[in-house]
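Computed over heavy atoms, backbone and side chain alike; hydrogens, waters and symmetry mates excluded. Each chain gets a letter, A, B and so on, in the order the sequences are listed, and its residues count up from 1. Remember, it's a predicted structure, so these values are computed and weren't measured experimentally.
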2 protein chains.
Amino acid sequence: MTVEVQADEVLETLEEALVRSAYYVMGVLTRIGGEHDLSLSQLRVLGILRDRRLRMTDLAAHLGLDKSTMSGLVERAERRGLLARDKNPEDGRVVDVFATQAGHELMERMHVALRREMASALGRITPEAARELVRLLAPILEEAGKGIARPARGR
Amino acid sequence: MTVEVQADEVLETLEEALVRSAYYVMGVLTRIGGEHDLSLSQLRVLGILRDRRLRMTDLAAHLGLDKSTMSGLVERAERRGLLARDKNPEDGRVVDVFATQAGHELMERMHVALRREMASALGRITPEAARELVRLLAPILEEAGKGIARPARGR
DNA sequence: TATTGTTATACTCTATAACTATA
DNA sequence: TATAGTTATAGAGTATAACAATA
């Protein structure tokens with residue numbers, strides 16, 4: 001009983017630690033994205049398309065957004081020359097999206113900036129602790145990778 | 001030399017793990033917030049005001065948002081009866097913001113929902129691992145708590 | 001003069017509903 | 001009929017600039 005209460009408390013603490021670190025990371029991403037006029041969503045789209053080409057629907061599913069939202073996001077990124085659209089040759093309804101050379105280059109710059117920005121926080125961690133953290137975060141990330149997010153109802 | 005390269009690689013891996021877990025947590029927060037018509041920003045405002053009362057400027061600083069953005073956020077939450085504004089008696093320019101009873105109750109429901117939603121991910125972690133995770137995340141959270149976020153330039 | 005907050009404006013982000021084109 | 005995507009619409013979230021009130 002006492003053990004369960006303690007276990008509950010430590011989970012509570014962990015939950016708060018994860019939420020706070022998430023806000024921290026999002027803050028960093030928002031800032032470095034903002035320096036290059038990229039919103040969190042645009043940043044994420046570019047990140048997802050770093051190593052693949054996806055149709056609109058799959059992209060929307062990955063982001064947990066409606067396909068109409070996706071159209072706007074891609075449209076604005078395309079206008080800036082970061083993404084491009086191609087009609088899928090096998091299914092006339094499908095539109096494939098992929099990052100352009102400029103998109104890849106911008107993403108690379110974002111990545112470098114992220115490393116730099118997080119250095120002060122991560123620099124204080126020993127390689128052993130980092131390895132341990134990665135190991136302990138694995139089950140959470142596994143859960144994260146499971147269901148592809150779906151858009152929330154209403155507003 | 002070899003050791004440094006390895007250290008660099010593990011930091012790279014940790015960075016990716018942190019970013020991915022941040023996206024996961026934000027996804028969960030977005031979903032449970034959305035179920036009660038609360039955006040991430042509204043959720044965060046309510047969370048910050050859970051145990052304190054802040055003036056508009058300080059609230060904006062905590063969130064890393066412009067004060068004009070804050071006005072709109074608070075205005076909408078106030079219209080829903082979740083927050084309230086009071087003129088500060090000591091400085092006529094200042095407006096203090098605080099959560100109403102309804103705001104506190106909604107926040108409590110959000111908290112319960114968050115526990116439930118994250119249970120499947122956190123449930124797979126032993127109490128020992130959870131304690132260790134909290135300990136390892138501490139230096140990052142310390143960094144997070146340092147500078148209060150400021151709004152990004154431009155758009 | 002400087003600080004605090006609001007308002008006007010212009011975009012981006014978002015979902016819903018209605019639509020077009022393809023299967 | 002069903003699926004993929006776009007467009008029209010409405011509203012939230014965001015920053016900049018201009019403003020009013022207070023210090």
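- When side chains are defined from C-beta on, B:Val45 does not count as touching B:Leu82, because their heavy atoms never get closer than 4.5 Å.
- More than 12 heavy-atom neighbours from other residues, nucleotides or ligands sit within 6.0 angstrom of CZ on B:Arg53.
- Dashed line: the shortest gap from a side-chain N or O of A:Ser39 to OP1 or OP2 of C:dC13 is under 4.0 Å.
- Counting only heavy atoms from C-beta outward, the side chains of A:Tyr24 and B:Leu137 never approach each other to under 4.5 Å.
- Among pairs with a residue in residues 130-139 of chain A, those fulfilling side chain to side chain donor-acceptor pair (under 3.5 Å) read A:Glu132-A:Arg135, at least two apart in sequence or across chains.
- Helix-axis bend for the helix from C:dT1-D:dA23 to C:dA23-D:dT1: the local axis fitted to the five terminal pairs at one end deviates from that at the other end by 10°, rounded to 10°.
- We find that CG of A:Asp58 is positioned 13 Å from C1' of D:dG5, with the value rounded to whole Å.
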Practice item. Take nucleotides 18-23 of chain C nucleotide by nucleotide from the 5' end and write B, S or -, depending on whether a protein heavy atom sits under 4.0 Å from the base, only from the sugar-phosphate, or from neither. Key: ----BS

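- Summary of the strand contacts: B:Arg79 and B:Met70 both lie near DNA chain D, and taking for each the nucleotide with the nearest heavy atom, the more 5' one is attributed to B:Arg79.
- With rounding to whole Å, B:Arg55 atom CZ is found 16 Å from C:dT6 atom C1'.
- Here B:Thr69 lies in heavy-atom contact (under 4.0 Å) with a base.
- Residues B:Val112 and B:Arg115 form no side-chain contact, since every pair of their non-hydrogen atoms from C-beta on lies 4.5 Å or further apart.
- B:Met56 has its side chain within reach of B:Met70: a pair of non-hydrogen atoms, C-beta onward, lies under 4.5 Å apart.
- Atoms CD (B:Glu75) and P (C:dT4) sit 22 Å apart, rounded to a whole Å.
- Regarding contacts with the backbone of D:dT14, a side-chain N or O of B:Ser41 is found under 4.0 angstrom from either OP1 or OP2.
- A close approach under 4.0 Å does not occur between any side-chain nitrogen or oxygen of A:Arg85 and OP1 or OP2 of D:dG5.
- Rounded to whole angstrom, the span from the CZ atom of B:Arg44 across to the P atom of D:dT14 amounts to 10 Å.
- In the set C:dT12, D:dT16, D:dT14, C:dT12 carries the atom at the smallest distance from any side-chain atom of A:Arg76.
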